[in-house]
Amino acid sequence: MMTTLPQMTDPHGIIVAITSICVVFAVLAAMYCVYTITGRFFAGGEAGNNEPAKVSRKILTDVESPLPGIVLEIKVKEGDIVKEGQAVAVIEAMKMENEICMEREGIVTSVHVTEGEFIPQGKTIITIV
Amino acid sequence: MDKARDRITLLLDEGSFEEFDKSVHDGESVVTGRGTVDGRTVYVYSHDFKVCGGSISEAVAMKICRVADMAISDGVPFICLNESGGARIQDGLGGLAGLGEIFTRQIAASGVIPQISGVFGPCAGGAVYSPALSDFIVMIRDASYMFLTGPGVVKKVTGEDVGHEELGGSSVHASMSGVAHFVADSEAEGIAIIRKLLSFLPSNNREKAPFRPTSDPADRISERLGEIIPANQAKAYDMHEVIGCLTDDGEFLETHCRWARNMITGLGHIGGHTVGIVANQPAKLAGALDINAARKAARFIRFCDAFNIPIISLIDVPGYLCGTQQEHNGAIIHGAKLLFAYGEATVPKIGITLRKSYGGAHIAMSCKQMRSDLNLAWPGAGFAVMGAEGAGEILHSKKLQQQYNDSLSSPYAATEKGYIDEVIESEETRFRIIKALESLAEKKAEKPWKKHDNMPL
């Protein structure tokens, strides 16, 4: 960092000024390239235009109720390992006890409903990883 | 490695393949020809992805059209083994015109000869309409993809960032869109599914499916059927078990296993006769009818009707699924498809009500008024506009609830009016179906002439 600014009429100063401006532009251009290629500035940040991918991940990790009804029983808790086909909850709907079964395996990270609660169609019952 | 020809070799009986048009210039990205499957002639085309991404040029389309025309005139199945990037860009409109020529033949052949598609790799752009126009689609897990536009172009045009699998992989089409009827774990398994499917079907719409003699006795009493339904009306059971007790050796080729699971559709043999089975599944969505279940069953019923395959309906349905999600997505129109399909089918239709049959769903599931030939019921079956409690509430009468269960909804009341032909013991269901199939073997039904109907699509 310079302690004194060069005189603008000084040829040496003009060269330094132009070089500084070029460096600033180069850095901005590099940042733009990085952003368009990776969609993020720093590693670990969320990629741009992420909404559709988020929705898809949601489909895979959220177990939703396929119908509206009353939660009769929750068969799992946080931390449980669940297998494909395993029943994780029972919902009363259309006068029947409907078992909600896993489409894939995973580990339960959270349970979103309580027994006795009325839930709408599409309500997330549990989330898994 | 010649995948295109390897797939054909797997599909056809050994030594039966006769290739056509091998040397046609610019036609190398498809292999076409004729062969036999279990001794029965089929025509086949198989894309070669190595050559120009299996893309369709005018010459490729000409080759495919030739085998399609021969399949139609010979009256034999048309098998499409797909792996293609779509129309060949270098051919300009020629590639698209070629695709159009293929599709027009598939449309003409629809309902005339069985058309089965195996999608073995990426199938994109216009090329997807060939499978779409066929009767059944087999996809391969982690290997096949179907989409109109691939992820690259999607990203450029809409900014949406999505991978092949999420956009159009086998899991998407087997469980969300319903595009794929079968998903196999390998190409060999996929081909085996196609061969098995063919074994249930006639070669064309003027024939009946081949009779498959069985050692499974026609009068086999199935005691398990008497135990399957839980005493508690609110408890579900797995309808697959019922199907397994009825079919020859318990064999059943289910279609759309992972889509609209509240409705089961598939092919089986009962007493040697190919039948199409349509059954509510109480273990999923309480067995209720919804948009996808109606669409799935309606298409299956129409396929069976086109190819002279009797339809056996196993009924345990509480009604249509209610709510805004269904209504806003056109449950009325889609639900009507199921009614229409049953009503217009002229193949033998046999309906067996296992437990309940309520409301509009009762009418939709092969009721007598849909010209069903035989309607049987198990002793515990109940028929009504709605269940007892609901009716009691609406009509403000607890006494009515009791009366309901005793008389109004009982299967015997239904037989008195002729809406149900007979109440039978569950154990003898298989025997009764076989007897009915044999007596209905020569069924012919007349319909007034029309160019075609206006089914609510």
Side-chain angles (χ1 to χ4, degrees), chain A residues 35-40 45-73 75 84-106 115-116 118-125 128, chain B residues 151 154-156 158-163 165-167 169 171-172 174-176 230 232-238 258-262 280-290 292-293 316-329 355-356 358-359 361 382 386-390:
Chain A
Y35 182 71
T36 38
I37 292 167
T38 65
R40 63 189 84 162
E46 290 291 333
N49 295 316
N50 202 35
E51 287 311 314
K54 260 192 195 142
V55 168
S56 306
R57 276 202 286 280
K58 185 172 174 304
I59 288 167
L60 295 175
T61 58
D62 285 0
V63 178
E64 297 177 353
S65 176
L67 16 69
I70 298 171
V71 180
L72 285 182
E73 192 187 342
K75 291 175 179 271
E84 190 181 330
Q86 181 179 343
V88 297
V90 181
I91 311 291
E92 188 196 294
M94 314 273 313
K95 297 270 180 278
M96 289 201 42
E97 293 172 14
N98 299 277
E99 284 191 342
I100 310 302
C101 299
M102 293 300 304
E103 296 286 322
R104 52 164 245 190
E105 63 204 14
E115 285 179 10
F118 176 86
I119 58 172
Q121 184 177 10
K123 166 88 183 174
T124 306
I125 298 173
I128 59 166
Chain B
V154 165
K155 170 97 195 201
K156 273 203 193 77
T158 72
E160 188 183 353
D161 196 359
V162 66
E165 185 65 33
E166 262 176 63
L167 186 58
S171 54
V172 165
S175 60
M176 288 171 65
N232 181 351
Q233 286 274 335
K235 290 266 189 231
Y237 57 93
D238 187 353
R258 295 175 67 93
W259 182 59
R261 285 160 135 169
N262 44 327
N280 307 113
Q281 168 61 296
K284 298 283 172 199
L285 280 187
L289 293 179
D290 67 353
N292 287 342
D316 183 353
V317 65
Y320 278 94
L321 202 59
C322 56
T324 49
Q325 198 270 338
Q326 288 291 304
E327 300 291 354
H328 290 183
N329 285 297
R355 191 158 66 172
K356 44 185 185 317
Y358 291 161
M386 61 179 63
E389 277 174 47

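Heavy atoms only: backbone and side chains are in, while hydrogens, waters and symmetry mates are out. Per chain, numbering begins at 1; letters A, B, ... match sequence-line order.
In terms of the side chain to side chain contact (heavy atoms under 4.5 Å, CB included) criterion, residue partners of B/Pro230 (sequence neighbours excluded) are, by chain and number, B/Lys235, B/Tyr237, B/Arg355.
Across A/Ala93 and B/Ala286, no two heavy atoms sit closer than the pair O-CB, 4.1 Å. Taking both residues in full, the closest heavy atoms of B/Leu285 and A/Asn98 are given as C-OD1, 3.7 Å, listed atom of the first, atom of the second, then distance.
Looking at A/Met96 and B/Pro282, their side chains come closer than 4.5 Å, going by heavy atoms from C-beta outward.
Within a 6.0 Å radius of CD in A/Glu115, other residues, nucleotides and ligands contribute more than 12 heavy atoms.
The contact between B/Asn232 and chain A is made entirely by side chain atoms (from C-beta outward), counting heavy-atom distances below 4.5 Å. Contacts between A/Gln121 and chain B at a heavy-atom distance below 4.5 Å involve the side chain alone, from C-beta outward. Residue A/Glu103 touches chain B through both its backbone and its side chain, counting heavy-atom pairs closer than 4.5 Å.
Distance CE/A/Met94 to NZ/B/Lys356: 8.5 Å, rounded to 0.5 Å.
Counting heavy-atom pairs closer than 4.5 Å to chain A, the top residue among B/Cys322, B/Ala236, B/Ala234, B/Gly323 is B/Ala234.
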